[in-house]
Amino acid sequence: MVPSKISFFENVYEVARLIPMGRVTSYGAIGAYLGSAKSARMVGWAMNNAHHQKPTVPAHRVVNRNGMLTGKFHFASANDMQRLLESEGIEVKHDRIVNFNAYFWDPREHLKIGPK
DNA sequence: ATTTTGACGACGT
DNA sequence: GACGTCGCCAAAA
């Protein structure tokens with residue numbers, strides 16, 4: 001990646017930081033926000049670099065559409081991801097977010113300011 | 001430039 | 001409804 005140019009990854013990191021505490025989102029949602037709904041895999045890939053990013057990227061708030069902590073193995077410790085989520089008030093059971101639908105946060109909601 | 005991959009998602013069986 | 005397969009896009013090897 002070239003610093004002079006913002007890569008697709010940078011976009012993903014920025015959206016991830018927009019996730020409010022106690023909320024979670026899915027890779028597909030972020031991809032859709034970027035305009036590439038089918039590039040959910042790219043979002044996860046970008047997260048692989050998230051550890052290199054200077055600003056802390058709340059990757060633990062990003063899970064797959066099923067609400068499962070698929071990327072927990074990529075953290076310093078597999079338990080860290082679940083632990084961080086629980087720290088924010090999110091209940092995680094069996095590597096899956098309980099009541100995921102309630103905690104789900106769509107980046108588009110950030111754009112949508114008021115009722116239609 | 002070509003091939004492989006990858007923290008997903010939707011569709012088909 | 002669980003399991004399997006294909007598709008998709010972009011970056012790294």
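Chain naming here is simple, since letters A, B, ... match the order of the sequence lines and numbering starts at 1 in each.
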From C-beta outward on [X], which listed nucleotide comes closest to its side chain: [options]?
X       : options              : result
A:Arg65 : C:dG7, C:dA12, B:dG9 : B:dG9
A:His51 : C:dA11, C:dC9, B:dA7 : B:dA7
A:His74 : C:dA10, B:dA7, C:dC8 : B:dA7
A:Lys38 : B:dG9, C:dA12, C:dC8 : C:dC8
A:Phe9  : B:dA7, C:dA11, C:dC9 : C:dA11
A:Tyr27 : B:dC8, C:dC9, C:dA11 : B:dC8
A:Ser26 : B:dA7, C:dA10, B:dG9 : B:dG9

Interatomic distance, [X] [atom1] vs [N] [atom2] [rounded to whole Å]:
X        : N      : atom1 : atom2 : answer
A:Asn66  : B:dC8  : CG    : C1'   : 9 Å
A:Trp45  : C:dA12 : CH2   : C1'   : 7 Å
A:Asp106 : B:dG9  : CG    : P     : 12 Å
A:Tyr13  : C:dA10 : OH    : C1'   : 12 Å
A:Arg41  : B:dT5  : CZ    : P     : 11 Å
A:Phe8   : B:dA7  : CZ    : C1'   : 14 Å
A:Glu10  : C:dA11 : CD    : C1'   : 14 Å
A:Ile30  : C:dC9  : CD1   : C1'   : 16 Å

Could you tell me whether the side chain of [Y] reaches within less than 4.5 Å of the side chain of [X], counting heavy atoms only?
X        : Y        : value
A:Arg96  : A:Asn66  : no
A:Leu69  : A:Ile97  : yes
A:Gln53  : A:Glu10  : yes
A:His60  : A:Asp80  : no
A:Glu109 : A:Trp105 : yes

Checklist entry - Per the side-chain contact (heavy atoms from CB on, under 4.5 Å) rule, which among A:Ile30, A:Val62, A:Thr25 passes with A:Val15? => result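 Filter result, single survivor: A:Ile30.
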Using a 4.0 Å heavy-atom cut-off across all strands, classify [X] as base, sugar-phosphate, or nothing.
X       : answer
A:Ala46 : nothing
A:Ser36 : nothing
A:His60 : nothing
A:Asn48 : base

Checklist entry - Think A:Ser7 has a side-chain N or O under 4.0 angstrom from the OP1 or OP2 of C:dA10? => result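 No, A:Ser7 has no side-chain N/O under 4.0 Å of OP1/OP2 on C:dA10.
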Item to check | Pair assignment for B:dT4, Watson-Crick or G-U wobble, requiring both distances under 3.5 Å | outcome: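 B:dT4 is paired, partner C:dA11.
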